[in-house]
**Q** 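Before I ask anything, let me first share the structure, which is written out below as structure tokens.
Chain naming here is simple, since letters A, B, ... match the order of the sequence lines and numbering starts at 1 in each.
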Amino acid sequence: MFDKALLARLKVRLKEWDKTAEKTRGRKSMPRFFTVSGVDIDELYTPDSVVGADQDKYYWEHIGLPGEFPYTRGPHHTMYRTRLWTMRQFAGMGTPRQTNERFHYLLKEGGTGLSTAFDLPTLMGYDSDHSRSLGEVGKCGVAVDTLADMEIIFGGIDLDKVSTSMTINSPASMLLAMYLAVAEKQGVPFDKVRGTLQNDILKEYIAQKEYIFPPLPSIRLITDMMAYCTKHVPQWNTISISGYHIREAGSTAVQELAFTLADGFQYIESAIADGQNVDDFAPRLSFFFNAHSDFFEEIAKYRAARRIYAKRMRDKYGAKDPRSWLLRFHTQTAGCSLTAQQPENNIVRVALQAMSGVLGGTQSLHTNSMDETLALPSEKAVTIALRTQQIIAYESGAANTVDPLAGSYFVEALTDKMEAEAEKIFAEIDDRGGVVECIEQGWLQREIARSAYAHQRELEKKDRVIVGVNDFVAENETIDIPILKIDRNAEVEQVAFCKKIKAERDAEKVKATLNHLREVAAGDGNTFEAILDCSRVYVSVGEMCDVLREVWGEWSESQAAMQVS
Amino acid sequence: MEKKIRVLLAKPGLDGHDRGIKVIAAALRDAGMEVIYTGLRQTPPMIVDAAMQEDVDAIGVSILSGAHMTLFPAILDEMKSKGVADMFLFGGGIIPDDDKEELEQLGVAKVFTPGAPTEEVIQFLRRAVAERRRDEQIM
């Protein structure tokens with residue numbers, strides 16, 4: 001990159017430069033120069049910050065070319081010049097009918113992929129008519145009880161024409177099975193069905209806490225599905241290994257990076273232990289990261305993630321297929337960075353965060369709506385969020401060239417630092433007995449809670465400024481953006497529909513397929529095939545989960561995991 | 001010495017987002033209060049029973065799932081039916097202004113929304129508990 005003479009000259013010049021710079025260091029525009037994760041940032045980065053003794057080696061091991069190992073610059077050769085990222089807005093609300101309407105609206109407005117949010121009862125494996133579901137049905141996503149609901153949600157949408165992402169974890173197998181059953185009814189063969197499941201249970205124990213069963217049977221549900229999809233649904237991305245929720249729960253950028261990749265490595269090791277060939281399933285794994293407010297730190301995080309993953313997949317897990325080395329990821333802007341105060345400012349935060357995702361080489365992107373700290377997003381807010389992506393794609397020029405920030409002394413130095421710090425965390429997780437052990441001990445949960453509290457204290461001491469919250473506060477502020485009101489009748493309507501379907505379906509088939517699922521779960525057959533059989537005959541998510549709760553038990557968090565520090 | 005303020009914190013409903021409540025737990029603890037955090041997925045009867053057993057001054061709950069208009073009133077009803085008069089309910093979460101007003105009218109002592117400094121929660125609790133204790137002495 002730079003010849004030795006230049007580097008030597010630079011070192012001399014930097015000493016002189018430093019003397020002059022020293023005269024201006026008495027004044028500071030901010031109390032501390034550090035990232036949103038608390039990483040101190042140097043005043044200046046130069047070639048000296050990034051290049052080791054062997055420049056040639058450094059370049060090929062750390063940077064290289066896009067579409068080539070170690071993929072720091074991107075998973076594909078030509079990136080957005082060939083294909084823009086997928087603008088995938090997460091949506092789901094109220095009843096299946098309302099969600100279907102929102103999907104048709106997003107497709108009409110130029111959205112290119114669908115993304116489904118489910119309500120809490122669905123995520124937790126309770127039907128809408130369960131007593132624990134009271135007040136939660138259709139609130140933060142759409143309610144799905146049986147195949148009948150999935151038929152409505154995807155009504156009028158050809159499943160061979162769209163790719164669909166489903167944010168579901170504990171009951172992921174049930175929802176994929178119902179989606180496949182809809183495809184079957186539309187006459188779409190399984191090998192034409194495209195999409196992604198979140199299906200990342202480890203981060204549920206760590207961060208979002210929407211778990212049902214203990215870790216080991218939960219991992220089995222996942223490896224069973226991976227085996228099924230490898231054979232029958234080859235275009236389906238089986239797990240979206242998610243750092244998003246880890247970050248939202250309060251982790252730093254490095255913790256997000258390291259905990260997420262560690263989860264990914266755990267799935268890979270479990271599937272290998274299950275007898276699967278790494279190159280058969282690895283190309284269908286994908287990741288999901290947060291785009292927080294620290295612009296450069298986020299870009300460095302994405303670049304480091306690709307590099308760490310490629311190296312491990314090739315060198316540790318012995319993957320031979322280059323597609324197995326690629327870390328492809330979805331990005332969502334940081335909900336936790338948005339403010340209830342002066343909510344219009346969130347449009348600007350989202351735009352900057354989205355830009356970091358694009359400059360970091362994301363494959364798909366969800367931009368948050370400005371009103372998310374106030375309520376579920378209104379149509380106006382959702383539209384502005386989608387327009388933000390379109391402006392970045394078509395007006396900003398960011399898509400014109402591949403990895404435009406490569407070679408920035410700062411970005412490369414920060415990328416290296418991210419990787420080094422993540423490696424330290426991997427070593428600590430290994431020392432503690434691996435991810436599952438760390439979850440059981442509550443170590444990962446406590447680490448995140450500690451970071452969250454440290455961040456809050458920095459805000460209250462005003463070490464960091466959040467505009468409109470702890471500085472530049474508007475007196476007597478009134479919110480004048482539209483607020484979406486969820487129809488309180490949605491729950492009543494959904495509960496009635498759930499009961500109606502349960503009364504009308506073939507009770508004998510329901511009983512037989514559920515009994516079969518119970519046997520398979522207690523033995524060692526493939527649970528996914530049994531779940532698919534249940535789904536086809538309108539067995540509900542709650543009924544299938546109840547059978548598995550019976551066989552496997554339920555998980556609850558230990559006292560150790562609830563502590564802050 | 002004055003008796004320490006005791007607070008029970010809980011997550012009702014199915015929502016698992018516990019960042020906020022853990023931050024509040026740590027902040028109240030560092031402010032010298034005794035904090036009992038009961039964890040996730042607590043039903044209204046579980047919460048009120050735990051609060052009575054622990055003899056707390058206040059119950060704090062965090063709800064980010066949109067189920068606040070069901071869960072807050074259910075906890076208030078539970079408190080009423082069990083005759084709990086010596087403690088109050090407060091909470092926080094993603095709660096639109098209109099709902100916040102309605103909840104405060106129903107008897108929730110205070111609803112905090114995103115961005116509220118922990119110091120505000122601490123001050124509120126000190127004030128509210130002091131008032132209650134004073135009232136009890138007068139009675």
**Q** Under 4.5 Å heavy-atom distance to chain A, tell me which part of B:Thr113 shows up: side chain, backbone, both or neither.
**A** neither
**Q** If I measure from the heavy atoms of chain A, does B:Ala74 come under 4.5 Å with its side chain, its backbone, both, or neither?
**A** neither
**Q** Can you measure from CD (A:Glu248) to NE2 (B:His17) and round to the nearest 0.5 angstrom?
**A** 7.5 Å
**Q** To the nearest 0.5 Å, tell me how far B:Leu14 CG sits from A:Ser133 OG.
**A** 6.0 Å
**Q** Distance from B:Lys22 atom NZ to A:Arg450 atom CZ, nearest 0.5 Å?
**A** 12.0 Å
**Q** Going by the rule ring-ring contact (aromatic ring centres under 6.0 Å, His included), which residues pair with A:Phe213 if we only count those two or more places apart in sequence or in a different chain?
**A** A:Trp552
**Q** Closest approach of A:Ala375 and B:Pro96, non-hydrogen atoms and distance?
**A** CB-CG, 4.4 Å
**Q** What part of B:Asp15 is in contact with chain A, defined as an atom under 4.5 angstrom from a non-hydrogen atom: side chain, backbone, both or neither?
**A** both
**Q** Are side-chain heavy atoms of A:Tyr211 and B:Leu40 found at a separation under 4.5 Å?
**A** yes
**Q** Where on B:Ile21 is there a heavy atom nearer than 4.5 Å to chain A: the side chain, the backbone, both, or neither?
**A** neither
**Q** If contact means a heavy atom pair closer than 4.5 Å, which residues of residues 120-129 of chain A contact chain B?
**A** A:Leu120, A:Pro121, A:Met124, A:Tyr126
**Q** Give me the contact list for residues 454-466 of chain A versus chain B, heavy atoms only, anything under 4.5 Å, ordered by residue number.
**A** A:His455, A:Gln456, A:Arg457, A:Glu460
**Q** Taking only residues two or more places apart in sequence, or in another chain, which ones meet A:His245 in a ring-ring contact (aromatic ring centres under 6.0 Å, His included)?
**A** A:Phe288
